[in-house]
Amino acid sequence: MSYTREDIIRIAKEENVRFIRLQFTDLMGIIKNVEIPVSQLTKALDNKMMFDGSSIEGYVRIEESDMYLYPDLDTWVVFPWVTQDRVARLICDIYMPDGTPFAGDPRGILKRALQEAEEMGFTAMNVGPEPEFFLFQTDEKGNPTTELNDQGGYFDLAPTDLGENCRRDIVLMLEEMGFEIEASHHEVAPGQHEIDFKYADAIRAADQIQTFKLVVKTIARQHGLHATFMPKPLFGMNGSGMHCHQSLFRGGENAFFEANDRLGLSSVARHYMAGILQHARGMAAITNPTVNSYKRLVPGYEAPCYVAWSASNRSPMIRIPASRGLSTRVEVRNPDPAANPYLALAVMLKAGLDGIRNKTSLPAPVDRNIYVMSEEERIDAGIPSLPLNLREALSEMLRDEVVCEALGDHALSHFFEMKEIEYDMYRTQVHQWERDQYLTMY
């Protein structure tokens with residue numbers, strides 16, 4: 001919905017809103033907020049609310065810490081789960097004291113990529129995300145455990161799917177907040193779930209992913225459960241992905257559709273996919289940003305670890321869903337829900353635009369099951385692998401000029417520094433597997 005300043009002030013009064021969360025996202029994709037009493041709402045709507053940016057991951061140094069929150073009025077929503085001292089939310093862009101957008105704001109980074117698409121004649125990037133999650137039991141103190149709440153499988157239902165009631169309450173809450181839910185179901189792994197919501201333009205889609213995560217975690221806790229978007233919480237089971245369906249539009253026309261093409265794909269769609277494939281390894285640190293992400297990207301668990309595409313086969317990283325016309329789209333399957341959605345969509349869009357601009361040739365589709373191909377067969381077919389770990393992904397990112405340009409110098413340097421520290425902490429830690437493997441052997 002679209003809201004005016006007057007709408008927001010009126011609704012806040014009618015709904016007895018007492019507090020407003022001015023929400024934004026740090027470089028790691030973690031939701032942050034400054035909560036203000038409703039008495040400060042007009043000040044916030046005047047873009048005069050300041051916060052200390054030096055306390056936020058990847059923002060600024062302590063000597064340049066003052067930053068401003070500019071609310072996006074169309075993101076106004078009253079949280080339906082709070083019935084007393086009601087709380088509302090506005091998602092904000094980050095600005096510097098001189099009135100310029102902050103270069104390291106993830107939402108601003110996506111807006112810059114969309115501006116480039118507009119300059120190339122595309123009026124919208126539509127995105128349909130599919131973030132998966134696990135539900136775990138909590139202990140007597142409310143802390144998360146690794147005990148699953150069910151042993152259900154794909155499309156199972158109660159009583160096998162014991163997360164059904166929690167998932168249903170999540171759907172109801174999302175609908176109250178304006179989401180159009182298309183489906184919800186148990187996923188392949190025990191305790192794993194998926195809720196699909198309707199596509200939106202790229203900024204709204206990224207906003208919705210962040211809101212979705214907040215709602216899922218909040219409602220899960222009300223059910224005595226812990227929801228996690230960790231990509232691979234359990235060894236030997238499928239991990240959680242965040243497949244991103246995407247298409248470019250020119251006005252009311254889907255630029256990815258061509259009725260006379262055998263697959264119904266335009267040259268724009270083919271060049272866009274070629275760009276995604278060309279920059280897949282360079283984007284991996286953004287689309288799969290944690291040490292744990294690369295435990296998911298292994299053969300045998302339905303997660304794509306090979307850089308290829310197909311119109312039907314689900315083992316490559318890009319698939320073309322069957323719908324055509326306005327629904328023609330590409331499904332990029334390697335991102336996971338730990339990704340910062342603003343950054344992930346920004347780098348995918350920039351990669352696709354680079355393919356369109358340079359008319360990059362799309363390799364032949366791979367319609368075989370890549371998981372059963374030998375390494376020699378994959379090499380002969382020209383099918384590269386995604387990076388094997390975060391360290392390799394970070395190195396690839398620095399070598400990819402398009403990805404570096406998409407992030408900008410500020411975000412690139414801070415992201416790389418934080419992720420390098422994360423990987424080094426993981427590398428130097430002694431893990432239980434090592435003790436189990438070596439303690440009595442040597």
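Two residues are said to be in side-chain contact when any heavy atoms from C-beta on lie closer than 4.5 Å; Arg18 and Pro37 fail this criterion. Asn288 places a side-chain heavy atom less than 4.5 Å from the side chain of Tyr294. Annotation: side chain of Pro131 is in contact with side chain of Phe197 (closest heavy-atom distance under 4.5 Å). No side-chain heavy atom of Trp309 sits under 4.5 Å from any side-chain heavy atom of Val330.
In terms of heavy atoms, Val307 sits closest to Leu386 at CG2-CD2, 3.9 Å. Across Met283 and Ala351, no two heavy atoms sit closer than the pair SD-CB, 3.8 Å.
Between Glu182 and Lys198, no side-chain nitrogen of the basic residue sits less than 4.0 Å from a carboxylate oxygen of the acidic one, so the salt-bridge criterion is not met. The existence of a salt bridge linking Glu6 and Arg10 is excluded, since no basic side-chain nitrogen approaches an acidic carboxylate oxygen closer than 4.0 Å. Ion pairing of Arg107 with Asp207 is present here, as a side-chain N (NZ or NE/NH1/NH2) and a carboxylate O approach within less than 4.0 Å. Using a 4.0 Å cut-off between charged side-chain N and carboxylate O, Asp93 and Lys111 make a salt bridge. Under 4.0 Å is where a charged nitrogen must lie from a carboxylate oxygen, and between Arg427 and Glu422 no such pair does. Comment: Arg5 engages Asp46 in a salt bridge, judged by a side-chain N to carboxylate O separation of less than 4.0 angstrom.
In this structure, Tyr272 has its ring center closer than 6.0 angstrom to the ring center of Phe256. The aromatic ring centroids of Tyr426 and His431 lie less than 6.0 Å from each other.
Checked against side-chain hydrogen bond (donor to acceptor under 3.5 Å, both in side chains), Asp139 has no partners two or more places apart in sequence or in another chain. The salt bridge (Lys or Arg N to Asp or Glu O under 4.0 Å) test applied to Arg89 returns no partner, not counting sequence neighbours.
In this structure, the separation between CD1 on Ile356 and OG on Ser266 is 8.0 Å, given to the nearest 0.5 Å. Rounded to the nearest 0.5 angstrom, Glu194 CD and Met242 CE are separated by 12.0 Å. In this structure, Trp76 CH2 and Leu90 CG are separated by 6.0 Å, a value rounded to the nearest 0.5 Å. Atoms CG and NE2, on Leu265 and His271 in that order, are 12.0 Å from each other to the nearest 0.5 Å. For the atom pair SG (Cys92) and CZ (Arg21), the distance works out to 13.0 Å, reported to the nearest 0.5 Å. To the nearest 0.5 Å, atom CG of residue Leu353 and atom CE of residue Met120 are 5.0 Å apart.
Counting non-hydrogen atoms of neighbouring residues, nucleotides and ligands closer than 6.0 angstrom, the CG atom of Asp409 reaches no more than 12 such neighbours. Counting heavy-atom neighbours within 6.0 Å of Arg112 CZ, excluding the residue itself, gives a total above 12.
Under the 3.5 Å distance criterion, the side-chain polar atoms of Ser327 are left unmatched by any main-chain donor or acceptor of Ser323.
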* Test log, rule side chain to side chain donor-acceptor pair (under 3.5 Å), inputs His279 and Asp354 -> CA-CA 9 Å; His279 297 286; Asp354 183 65; 2.8 Å; yes

